[in-house]
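Please read the structure below before turning to the comments.
Remember, it's a predicted structure, so these values are computed and weren't measured experimentally.
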Amino acid sequence: SPWLKPQPSAQKVPTSCLRSLPTMENNQSVPVQTELEEVKEIIIVGGGPVGLLGALASAKFVQVTVYERFSGHEPVEARSINLTLGRRGLKALETVVSPSCYRAIQELGQPVAGRQVHEAGKEPVFQRYGLDDTERLLSVPRAELHRLLMQEAQGHQKISIYWGHKLCPERSWRDAEGNTELVFMREGETDQVIRPSCPILACDGSRSGMRKMISKANLATVVEADEEHSYMELQVPSGADVPSNECLHVFPGGDHWVILLPNKEGPPTGNLYMTHSAFEHFSESPEGYERCREFCETHYLQVSKWIGLDEMVQQIATKPKGKLSSVTMKQWAFHGEAPLLFLGDACHAMPPHLGQGVNCGFEDVLCLFTQMGASPTVEALFEAVEKERKPCADALLRMTRANQRVLSKDAKLLDFQAKKCIEKELERLFRRQYRSQYALIAFGWGPLTYSVAEQLGQEQQRVLDTLLKICGEHFTEKELKVAAEPLIRGLLPRQKELLGVGLHDIFENFEPQMGAAASKGGA
């Protein structure tokens, strides 16, 4: 089968020449389905990181045509704050891209060992993410990550990319039988209209035009929700004396907070998060500037020292604010003449409070890639991806919203910090049986899905609550070990039930190499 094993480069097949695939009635399975071995081409709408990784994965088997609204001479995302790659994202990249591209991404990133919590009038508190420096996130400039994936895709003989093609969802359509017409607007040129009869991957991000097209046709249940908080990018000047380049700096302020992510070279990138109404108090007026100055001096004096007080006030008052939103789709896979599957932010956009959005999208692609060998038809493949990945994305959104509270409030609370201390000791004393929920999320992979991490994390939270009551904030190693042993034993059956293997198997069987330059030093 040309799908199940890589095939040699072939002449590109124009979309208009592709045969029609069997139709599906009312989006329900019928006996006649599309054999994977009959597929010669896939269309991908969206050329961001997830779309390009999807193209590179699919191009191992078939021709790929990508349509992207940006010109190709600019980053898909204009935002500056870095992306964080964990084990899930690194595993997907390692599996799909070339070794040279993977090494370039590793060398590009700055390892992040944990979060440094800053509270006014107190010494910063460091909260490590993993056990040691072998478990770190990788802070990567989003534009540079996109550039490397662009270069990889553009150099592939079986990938064609059409830049500057913006999907017009109002004029595009899809009916219940899967007949589809896509209209792409091109600046300065006539629109391009295609009638695909091959599988389509919708990877066009949180503002997905493909999702709008499906919603317009009443073929999907979509929930799009604006979050309570907005964000504004903070620009830290070069040469700013920001300490500890291997930490995520967190400044929790309750209903507002600041995050700074390190760069390997240059100053960190960061955001200020605040409710929509709070930002309105800091208008471009003498009164607004004065309120903003008082706000910065009261809550973010350290940040204002790094940026400059006047400059920080100017940025908050004048720079554009972005809305945070979430997207969930009840259904990701759609059958018909042109089978359609949504991946990444197009079907599960979420706020950045857990830093897992791009990892989740890359893991969608990895799931698609690994399911190809086990699925006889396109319909079975797309349904298998939806069945495996949708519960994970839903769980990640819930955990992301919970982590917002950690970043904005809980991180500075004494009880929270005490439980983090207990948790780190549990990981040290019982490292083969216990890992923090954050470690399950950021450094897990395979059967340790986001959904499993959520379930195990809930049970572990009850263990931490119990141990805090028994041992308090100050305890000896012996006291904690005696109190914890029966509680840890009680977790093991559930771990085995959900994972099928021991927890240590997940963490010991995959250690992504960070690259020589990125593996130096500690936090």
Side-chain angles (χ1 to χ4, degrees), residues 10-27 34 38-48 50-52 54-55 58-59 62-74 76 150 153-154 156 158-220 222 329 331-347 378-379 382:
Q11 183 178 359
K12 296 187 188 302
V13 182
T15 303
S16 58
C17 297
L18 295 177
R19 69 168 189 82
S20 295
L21 303 182
T23 52
M24 314 290 290
E25 297 180 0
N26 299 321
N27 210 39
T34 310
E38 297 176 2
V39 176
K40 306 302 180 186
E41 181 186 19
I42 278 185
I43 287 175
I44 297 179
V45 180
V50 171
L52 292 176
S58 301
V62 294
Q63 295 288 152
V64 181
T65 302
V66 180
Y67 294 93
E68 167 54 41
R69 65 189 180 99
F70 284 93
S71 68
H73 303 292
E74 56 187 313
V76 168
M150 279 174 54
Q154 287 175 322
H156 202 293
K158 294 169 69 178
I159 298 176
S160 297
I161 305 178
Y162 292 90
W163 303 104
H165 282 59
K166 183 178 181 180
L167 181 72
C168 180
E170 293 78 16
R171 294 166 55 201
S172 302
W173 55 267
R174 182 181 177 95
D175 62 24
E177 284 71 44
N179 301 298
T180 305
E181 180 173 282
L182 303 179
V183 179
F184 294 96
M185 297 183 292
R186 301 179 293 175
E187 187 174 355
E189 300 183 45
T190 57
D191 296 345
Q192 182 171 351
V193 181
I194 63 171
R195 291 287 303 273
S197 54
C198 63
I200 305 171
L201 300 181
C203 305
D204 51 341
S206 60
R207 300 177 182 177
S208 170
M210 292 294 290
R211 190 178 67 244
K212 292 178 182 176
M213 180 190 73
I214 287 288
S215 298
K216 181 185 68 174
N218 294 319
L219 296 177
V222 178
M329 291 183 67
Q331 181 180 354
W332 295 9
F334 300 85
H335 301 165
E337 181 186 19
L340 170 62
L341 177 67
F342 283 80
L343 298 175
D345 282 357
C347 55
V378 174
E379 291 77 13
F382 285 5

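- The minimum heavy-atom distance between A338 and P196, with the atom names listed, is CB-O, 3.5 Å.
- Side-chain contact between C347 and R211: absent, with no pair of heavy atoms (C-beta onward) separated by less than 4.5 Å.
- Contact check for V222 versus M329: side-chain heavy atoms found under the 4.5 Å cut-off.
- For the atom pair CD1 of I44 and OG of S160, the computed distance is 11.5 Å after rounding to the nearest 0.5 Å.
- The heavy-atom pair separating L219 from F334 by the smallest distance is O-CE2, 3.3 Å.
- In terms of heavy atoms, L340 sits closest to M210 at CD1-CE, 3.8 Å.
- K40 approaches V62 most closely through the heavy-atom pair O-CB, 3.7 Å.
- When the side chain to side chain contact (heavy atoms under 4.5 Å, CB included) test is applied to K166, the partners found at least two apart in sequence or on another chain are R69, M185.
- Annotation for P169 and G209: closest pair CB-O, 3.3 Å, computed over non-hydrogen atoms.
- The backbone N or O of D204 sits nowhere less than 3.5 Å from a side-chain atom of S208 that would complete a donor-acceptor pair.
- Of all heavy-atom pairs between V64 and A59, the closest is CG2-N, 3.6 Å.
- Applying the side chain to side chain contact (heavy atoms under 4.5 Å, CB included) rule to Q154 yields the partners M150, I161, W163; only residues at least two apart in sequence or on another chain are considered.
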